[in-house]
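Each remark here refers to the structure printed beneath this line.
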Amino acid sequence: MKTTIHAVLAASVMATALTTTASAQTRWDLATGYGDGVHHTINIKQFAEDISNATNGALSITVHSGASLFPQGEIHRAVRTGQAQAGELFMANMGNSNPVFEIDNIPFLASDWDSARALWEVSRPAVEAHLASEGIRFLFAVPWPAQGIYSQTPINTIEDISGLRMRAYSPMTTELSMLLNASPTTVQTPEIPTAFSTGMINSMVTSPSTGVSSQAWDFVNHYTDVQAWIPKNMVFVNERAFNRLSADVQAAVLEAAAAAETRGWEMAIAEAETATQRLADEGMQISTPTAELRSALEAIGQEMGGTWAAKAGAEGISILEAYYSR
Ligand code: PCA
């Protein structure tokens with residue numbers, strides 16, 4: 001009889017232990033608007049896998065790519081309200097919350113990798129603080145390769161852009177397009193092929209990565225590699241969801257985030273070359289901008305920088321000062 005009671009007790013203790021282990025397993029959904037082929041999504045999937053391995057599965061993150069859980073325009077709200085625990089967003093898409101998120105969309109402010117890193121270093125604390133004020137914890141940011149112009153005809157001067165129906169992906173690209181006397185239409189990456197094939201757009205400014213993922217060669221023949229700016233995507237998590245994790249799991253998330261940021265920058269740098277080569281292999285004409293085009297675009301960049309600084313106020317000015325005095 002005694003043994004039986006012991007056996008029953010042991011069994012119930014074990015059952016409790018198992019339940020505890022099972023309930024310690026947390027599942028997060030991570031929403032992104034970008035497809036599986038781009039380096040951002042590949043990197044995020046690796047991030048999720050690193051966390052699962054480091055925590056023995058205590059935190060498992062499902063990556064919902066290609067806007068399959070939320071469209072790009074809803075990811076910020078979804079993470080803020082906890083409908084999705086985590087998300088990835090093009091940083092400048094949060095320009096309505098604060099202009100600081102748009103700093104990496106100013107043409108020619110930081111258009112090589114070293115400058116982009118320096119700009120990120122000085123703007124990161126403000127980005128983190130603004131997200132924190134909304135109950136969102138920043139995890140990591142990864143760039144796109146520098147942005148160039150896709151068009152059906154060669155772009156030698158700024159006048160060649162005038163009148164084009166140009167895709168925009170953010171308020172800053174809309175502003176740029178208007179300053180170029182083109183007509184902007186906002187189109188998210190999954191809709192690029194349809195926007196071209198229906199004639200809604202006949203040109204765009206984006207990276208070689210997005211040119212490849214949208215198979216730009218089906219619609220345009222020219223890529224002018226102006227390297228105008230290096231924008232970033234950021235990955236973030238609802239702060240309450242993060243706080244519910246044990247200290248060990250939190251540490252694993254932060255460690256995987258730091259690794260993802262380092263890896264993501266390396267992937268973007270490699271991608272700038274391989275994706276540009278792919279555009280050429282698919283028959284596109286790749287050209288560097290003429291001096292005339294470059295200086296006209298730089299003048300527009302200056303103007304946009306001034307508009308941005310006026311919007312961003314003291315915080316923006318101090319970030320720019322820190323950037324210029326590096
Ligand atoms: N690709 C994204 C953002 C910047 C980029 O290179 C897009 O075109 O929407």
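Order of listing sets the numbers, starting from 1, for every ligand and every atom in it. Both backbone and side-chain heavy atoms feed into the values below; hydrogens, waters and symmetry mates do not.
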*asked:* Would you say E175 and W308 are linked by a side-chain donor-acceptor pair, where the criterion is simply a distance under 3.5 Å?
replied: no

*Distance-only donor-acceptor check, side chains S65 and D36, under 3.5 Å*: yes

*Is ligand 1 less than 4.0 angstrom away from at least one heavy atom of Q188?*
no

_Interfacing atoms of ligand 1 (cut-off 4.0 Å, heavy-atom, T189)_ = 7 (C), 8 (O), 9 (O)

*asked:* Show me which atoms of ligand 1 lie under 4.0 Å from any heavy atom of F90.
replied: 3 (C), 4 (C)

*asked:* With a 6.0 Å cut-off on the ring centroids, do F236 and F138 count as close?
replied: no

*Using a strict 4.0 Å cut-off to heavy atoms of Y169, name the atoms of ligand 1 that fall inside it.*
4 (C), 7 (C), 8 (O), 9 (O)

*Under 6.0 Å from the six-membered ring centre of F242 and within 45° of its axis: does the NZ or CZ of R240 meet both?*
no

*Does Q25 reach the main-chain N or O of G57 with its side chain, forming a donor-acceptor pair under 3.5 Å?*
yes

*Among the heavy atoms of Q147, does any lie under 4.0 Å from an atom of ligand 1?*
yes

_Below the 3.5 angstrom mark, is there an N/O of Y34, backbone or side chain, next to an N/O of ligand 1?_
no

*How far is atom 1 (N) of ligand 1 from its nearest protein heavy atom, and which residue and atom name does that atom have?*
T210 OG1, 2.7 Å

*Which heavy atom of the protein is the closest neighbour of atom 5 (C) of ligand 1, given with residue, atom name and distance?*
T206 OG1, 3.2 Å

*Residues E121 and R117 bridged, charged N to O under 4.0 Å*: no

_Identity and separation of the nearest protein heavy atom to atom 6 (O) of ligand 1_ = S207 OG, 2.6 Å

*Is it true that atom CZ of R77 has more than 12 heavy atoms of other residues, nucleotides or ligands lying nearer than 6.0 Å?*
yes

*Considering only non-hydrogen protein atoms, determine which one is nearest to atom 9 (O) of ligand 1 and report residue, atom name and distance to 0.1 Å.*
R167 NH2, 2.7 Å

